[in-house]
2 protein chains.
Amino acid sequence: MPDLSIDVVAKAAGVHRSTVSRAFSRPEAVKSETREHILRVAEGLGYTMSPLAQALRRKTSTFIPLIVPDITNPFFAELAKTMTQAADDRGYQLLLCVTNGDPAKTDGYFTAMQAMYAPFGIVAPSTKVDTEAMKRFDFGHKVVVIDRVEGDDAVPTVTVDSRRGIKIALEHLHSLGHTSIGYVSGIAGTHTAQDRMDAYLELSAESGIAPVVLDSGSDLDAGTRGAEHYLEIDNPPTAIIAANDMVAFAVISALGQRGVRVPEDVSVIGFDGLALGARFNPPLTTVRQPIADMGHIAIELAEKQNIDGSVDHIVLEPELLVRGSTSGPRK
Amino acid sequence: MPDLSIDVVAKAAGVHRSTVSRAFSRPEAVKSETREHILRVAEGLGYTMSPLAQALRRKTSTFIPLIVPDITNPFFAELAKTMTQAADDRGYQLLLCVTNGDPAKTDGYFTAMQAMYAPFGIVAPSTKVDTEAMKRFDFGHKVVVIDRVEGDDAVPTVTVDSRRGIKIALEHLHSLGHTSIGYVSGIAGTHTAQDRMDAYLELSAESGIAPVVLDSGSDLDAGTRGAEHYLEIDNPPTAIIAANDMVAFAVISALGQRGVRVPEDVSVIGFDGLALGARFNPPLTTVRQPIADMGHIAIELAEKQNIDGSVDHIVLEPELLVRGSTSGPRK
DNA sequence: CCGATCTCAGCAATCGATCTCATACAAGGG
DNA sequence: CCCTTGTATGAGATCGATTGCTGAGATCGG
């Protein structure tokens, strides 16, 4: 196949390459008759503009990186999915970047994103470290973060109201009759994880209930340890809040292996609202984050900032999703 | 920040830009003394080469697209994870492309990959359609497929031996004492899904057992329907093979909601070996695919083809992963 | 009928690198 | 001492697009 450059099309259409360029990217600048002819010729040749050359010349592209720590984590996978959609709804191409928790890679992606002239990027951080990496780059390229960011109001963020989410979970459990409610922490390091934990502690205190933190670890084994801890307690709670759905899965699994049944013996509620939860055994009751909205909003925020320089911090409302992992306490 | 082009570095180092270029990409072509000086200067300036400009000029890049139908599916997520690693072990940058099952998007990614001068691409197809899309592009850009491909030996592939996997599952179940073993199909359309189903049917026939296909549907609800079907049968099988782990999850979940317990009432075995399975309730016994190997091999195959034009078809061995979802039949 | 205004398309420089070719200088052979 | 050979760097065209500037015609009012 002969390389399809703009010049080839220009020759075929009998015009200059600048005209072809304009036909594509500035339709009003070329007589509509000519334009249509060019477009037709291009179509016939199967021509598409080189995003590379375009980006190089324009010093701006439509590549927008989404930086996530671990695509294997369904939360990020769902985020990636909806963001892909949201991105190309607006004519962007999402580039999924997975750091696997390696800060060096985050750095790499940031410089790559500069080099690719990305107009902006989205970061879903696993740790607070990531946001520090951002500071090492003086960003003409803007970034929006899907999490809360401490001490740096200059970066737009979108989060779900952690406190509200925990409150919803607590209320649900209370209404079911639970009075002793434990907590298993999720991946540490993120602000949201911290916020959820804090909310649990505060809210418990407020309602005069002694908090029972079964595990505050940072890894996926928190669930297993939480379950073990649960068994060691003399008067174990009748319900458990897990910091996120993945932890909830792990808790239920570990509990199950030790003969504790959910929700018969103990209720478990998660936080995230993963689609996967519906197919868990039992289907997971959880606090749903509007993941799809978060994706769209993140992109809107980025665009808005690009245009008028405004920096917003959007906080979304979570909602309760009752499925099968919670019920009244065993009497 | 002043735009960091190769010329800036060249000036700063007091050499011509060609020398800088060579210092980076053809180290042996420049006096080591000069080279080190240039590298030092570049380092100090925080300079990195523009992958865009590089690709444009070289007509080849290190971007390699991985095209998957659905990143939300943990199989593809795990594949993506290991391939990211495998890719940049070899100096490539993996670009994750999600089609969401939309063939039009697949096309889009193919043309994008041409435009980006990707040296090759990896496709993990959801349907046979994808491979047809490939034919519409005459590929100077080569593709390797993670699946079997029908009637087109020209494209390298890597797969797991489906028949062997099903056989392993069957043998495991037999050894546990099961004689009536049902099957729930997975996502249809892929060759592997077809192969697994065929293998089940043939192998059952060979051992003189009547196959019981609980569902042969193509979507994620196959699990639910399979469970319903299971309940309607007079003499239901004592074990079920699910075409993949996700379906196994769904089956177990649906069964659980209907009061059927796994493995007490019925054993269930999956196919994939997802990490998630270890945290399911109960932990899923499954036939493990060496996903990480598949990723590495896919890239090797692509490179090999690029070099000597060879087209290989690698078939990997699956292995049994016994966890908690299988046990002897209830007597 | 003429100059002013407006459209529309061509020209050429440019983005940041690569690569072929040419040049400069050093070393080695006869 | 001159010519060959080789090594190390510089010059400049090029990849595929964009864009400010220029000029050719068309339109229009007086």
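Side chains are part of it too, since the values below use all heavy atoms of this structure and drop only hydrogens, waters and symmetry mates. A note on names: the letters A, B, ... follow the listed sequences, proteins ahead of strands, and every chain is numbered from 1.
Taking the side-chain hydrogen bond (donor to acceptor under 3.5 Å, both in side chains) definition, one finds that B:Thr157 meets it with B:His313, sequence neighbours left out. With sequence neighbours left out, the side-chain hydrogen bond (donor to acceptor under 3.5 Å, both in side chains) criterion links A:His16 to A:Ser18. Residues forming a salt bridge (charged side-chain N to carboxylate O under 4.0 Å, His left out) with B:Lys304 (at least two apart in sequence, or on another chain): B:Asp312. Not counting sequence neighbours, the partners of B:Ala86 by the side-chain contact (heavy atoms from CB on, under 4.5 Å) test are B:His296, B:Ile299.
Taking 4.5 Å as the limit, every side-chain heavy atom of B:Thr192 sits out of range of all side-chain heavy atoms of B:Val160. In this structure the side chain of B:Ile297 reaches within 4.5 angstrom of the side chain of B:Leu316, judged on heavy atoms. Within the 4.5 Å cutoff, side-chain heavy atoms of A:Ile122 are placed close to those of A:Ile146. Contact of the A:Pro119 side chain with the A:Asn306 side chain is registered, since non-hydrogen atoms from C-beta on lie closer than 4.5 Å. Two residues are said to be in side-chain contact when any heavy atoms from C-beta on lie closer than 4.5 Å; A:Val20 and A:Val15 meet this criterion. With contacts defined as side-chain heavy-atom distances shorter than 4.5 Å, the pair B:Gln194/B:Thr190 does not qualify.
Within the structure, every pair that satisfies the salt bridge (charged side-chain N to carboxylate O under 4.0 Å, His left out) test and touches residues 66-91 of chain B, not counting sequence neighbours, is listed here: A:Asp70-B:Lys81, A:Lys81-B:Asp70, A:Lys105-B:Asp88, B:Arg90-B:Glu300, B:Arg90-B:Glu303. The salt bridge (charged side-chain N to carboxylate O under 4.0 Å, His left out) pairs that include a residue from residues 13-26 of chain B are B:Asp7-B:Arg17, where partners are two or more places apart or lie in different chains.
Considering only side-chain N and O atoms, A:Tyr47 lies nowhere under 4.0 angstrom from the phosphate OP1 or OP2 of D:dG16.
Between its opening and closing five pairs, the helix from C:dC1-D:dG30 to C:dG30-D:dC1 changes axis direction by 50°, a value rounded to 10 degrees.
The nucleotide range of DNA chain C contacted by chain B, defined by atoms under 4.0 angstrom from heavy atoms of the protein and reported 5' to 3', is C:dG16 to C:dT20.
Using a 4.0 Å cut-off on heavy atoms, the residues of residues 50-62 of chain B that approach DNA chain D are B:Leu56, B:Arg57, B:Lys59, listed by number. For the contact set between residues 24-43 of chain A and DNA chain D, defined by any heavy atom under 4.0 Å, the members are A:Ser25. Shown for residues 13-23 of chain B: residues whose heavy atoms fall under 4.0 angstrom of DNA chain C, namely B:Arg17, B:Ser18, B:Ser21, B:Arg22.
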Side-chain donor-acceptor pairs under 3.5 Å in residues 42-68 of chain B, sequence neighbours left out?
residue	atom	partner	partner atom	Å
B:Ser50	OG	B:Leu52	N	3.3
B:Ser50	OG	B:Ala53	N	3.1
B:Lys59	NZ	A:Asp3	OD2	2.2
B:Ser61	OG	B:Phe63	N	3.2
B:Ser61	OG	B:Met116	O	2.9
B:Ser61	OG	B:Tyr117	O	3.0

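The local environment of CD in A:Glu28 is crowded, with over 12 non-hydrogen atoms from other residues, nucleotides or ligands closer than 6.0 Å.
In plain terms, the two heavy atoms of B:Val143 and B:Val155 that are nearest each other are O-CG2, 3.8 Å.
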